[in-house]
Amino acid sequence: MQSSIAQTLSLAAHGNAYLSGKLEDDYFPHHQTFAYCQYVKFVYLQEEGEGFKEEAFATDPEVWFERLRDVGVRQFRIRYIASQDAGASDRLSVAYPGGGGRWLIETVMEHGSDFWEAHWEAPETADGKWQVTYARVLKDAALPEPRMPPPEMVQKKLQAAFLDAGKFAKAHGYERFAEAFKRGVNALKDVRWERQIYPPEYAPLIYQQLLTAVIEGWVFGGEGSWNDVRFDDGETQQQYDRLSDQLFNFMTLALLVAANPWPRPESGASPVR
């Protein structure tokens with residue numbers, strides 16, 4: 001899975017852990033999703049003339065958590081907005097910075113929410129580390145959250161998509177990808193934490209399985225990835241595109257469901273589970 005998506009999901013989950021007093025002492029900068037980052041900072045965007053200027057808000061994730069708690073944030077949630085780009089599907093564009101649709105962190109308050117989005121600057125330093133800035137792109141917004149299907153339904157749909165893609169990959173000699181899809185299926189039955197994004201014991205098992213399955217079965221990227229496969233036969237290419245888009249869409253849905261394991265807080269209720 002792309003590092004930018006993994007980090008966004010990790011920040012929301014660990015933000016909720018912070019609000020409930022359960023954040024690990026060494027989350028930043030030691031968590032794996034920060035391994036290739038020179039810095040991860042947070043800014044407000046202020047209108048200036050015809051553009052925007054950045055106003056510093058927090059120098060790192062843990063300062064961000066603290067400041068958001070102090071201004072009344074009650075929960076962190078993840079939102080996804082498909083790009084609707086007719087020129088390149090999200091499946092194909094996900095390999096590039098800013099591609100693959102928009103993953104936003106919603107910081108829920110008593111009345112309205114703020115929305116934050118990451119921008120990754122290509123590394124220019126000798127250590128090759130990225131410069132990551134999360135900007136508040138919406139303030140005090142009340143955007144209805146789409147109703148998500150139950151995780152059990154998503155689990156079944158994702159498993160079927162993995163099996164269909166795996167059968168196709170194996171039939172056309174792409175054993176490496178078939179093995180990845182098999183790992184995704186297996187992760188829906190078992191969870192291994194060698195690539196942990198969640199805090200320990202953060203969510204019920206089925207949400208952990210969905211997240212782990214996507215990580216294990218993720219094959220979408222640039223050169224040499226599943227997205228790079230092409231067929232001369234038009235019918236075979238159409239089948240490949242259909243199965244690949246189906247798998248990507250269910251993986252995206254699985255991530256969105258897995259990233260929001262708790263209901264939105266009601267007025268006057270406890271901030272997080």
Side-chain angles (χ1 to χ4, degrees), residues 1-17 19-20 33 74-84 89-91 94 100-108 113 115-118 143-166 180-181 183-193 195-220 243-266 269 271-273:
M1 183 166 55
Q2 264 58 24
S3 298
S4 57
I5 301 174
Q7 187 182 96
T8 296
L9 269 57
S10 172
L11 282 169
H14 285 81
N16 284 328
L19 293 178
S20 61
T33 56
R74 308 173 70 229
Q75 191 182 68
F76 293 77
R77 299 187 68 79
I78 292 291
R79 297 288 196 101
Y80 175 76
I81 303 173
S83 65
Q84 304 297 329
S89 70
D90 287 343
R91 172 175 67 85
V94 73
R102 299 174 66 187
W103 291 90
L104 307 178
I105 300 176
E106 178 187 5
T107 52
V108 183
S113 297
F115 290 79
W116 302 76
E117 186 172 16
L143 300 181
E145 185 172 2
R147 186 179 181 86
M148 290 291 105
E152 294 81 7
M153 179 183 297
V154 178
Q155 188 180 48
K156 291 180 181 179
K157 294 289 188 181
L158 181 58
Q159 179 177 352
F162 273 134
L163 291 172
D164 288 345
F181 301 143
R183 291 196 301 271
V185 171
N186 291 339
L188 291 172
K189 307 171 187 176
D190 187 21
V191 172
R192 293 168 290 158
W193 286 111
R195 301 180 195 171
Q196 185 174 332
I197 291 177
Y198 281 154
E201 301 179 1
Y202 173 67
L205 178 62
I206 192 168
Y207 296 97
Q208 300 173 11
Q209 290 172 329
L210 288 173
L211 177 60
T212 307
V214 173
I215 294 172
E216 292 293 336
W218 189 269
V219 294
F220 305 108
L243 293 175
S244 300
D245 288 340
Q246 173 182 267
L247 179 59
F248 179 83
N249 291 338
F250 280 122
M251 279 186 159
T252 300
L253 178 60
L255 284 179
L256 191 57
V257 170
N260 297 299
W262 311 117
R264 297 180 69 89
E266 299 177 1
V272 294
R273 291 291 296 269

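- A distance of 12.0 Å separates CZ of Arg183 from CD1 of Ile215, quoted to the nearest 0.5 Å.
- Nearest heavy atoms, Pro263 versus Arg77: C-NH1, 3.7 Å.
- Thr212 places a side-chain N or O within 3.5 Å of a backbone atom of Gln208 that can act as its donor or acceptor partner.
- Contact annotation: the side chain of Trp218 approaches that of Val94 to within less than 4.5 Å [non-hydrogen atoms, C-beta and beyond].
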Could you go through the side chain to side chain contact (heavy atoms under 4.5 Å, CB included) check for Asp90 and Tyr80 one step at a time? CA-CA 12 Å; Asp90 287 343; Tyr80 175 76; 2.9 Å; yes
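- Formation of a donor-acceptor pair under 3.5 Å by the Trp116 side chain with backbone atoms of Ala118 is not found in this model.
- Between Leu255 and Trp103, the closest side-chain pair of non-hydrogen atoms falls below 4.5 Å.
- To the nearest 0.5 Å, the span separating CG on Leu163 from CG on Leu158 amounts to 9.5 Å.
- A 4.5 Å side-chain heavy-atom check between Thr107 and Phe76 finds at least one atom pair inside the cut-off.
- For the pair Glu106 (side chain) and Arg79 (backbone), a donor-acceptor distance under 3.5 Å is absent.
- Applying the 6.0 Å contact sphere to CD of Glu152 captures more than 12 heavy atoms from other residues, nucleotides or ligands.
- Side-chain contact between Ser113 and Arg264 is present, with at least one heavy-atom pair separated by less than 4.5 Å.
- The heavy-atom pair separating Ala161 from Gln246 by the smallest distance is CA-NE2, 3.8 Å.
- Put simply, the side chain of Ile206 does not reach to within 4.5 Å of the side chain of Val154, judged on heavy atoms.
- The structure places CG of Leu253 at 10.0 Å from CE of Met153, a figure rounded to the nearest 0.5 Å.
- Note: Thr8 OG1 to Gln2 CD = 11.5 Å, rounded to the nearest 0.5 Å.
- For the residue pair Ala203 and Trp262, the shortest heavy atom distance occurs at CA-CZ2, 4.1 Å.
- Separation of atoms CD1 (Ile81) and CG (Leu143) is listed at 8.0 Å; rounding is to 0.5 Å.
- At a threshold of 4.5 Å between non-hydrogen side-chain atoms, the residues Phe162 and Met251 count as touching.
- Between Glu216 and Ala187 the shortest heavy-atom distance is CG-CB, 4.2 Å.
- Ala13 and Pro199 get closest at one heavy-atom pair: CB-CD, 3.7 Å.
- With Gln155 contributing its side chain and Lys189 its backbone, the two residues share no donor-acceptor pair below 3.5 Å.
- Here the side chain of Asn260 pairs a donor or acceptor atom with the backbone of Ile78 at under 3.5 angstrom.
- A 4.5 Å side-chain heavy-atom check between Arg74 and Leu19 finds every atom pair outside the cut-off.
- Contact between Leu247 and Phe181 at its shortest, heavy atoms only, is CD2-CE2, 3.4 Å.
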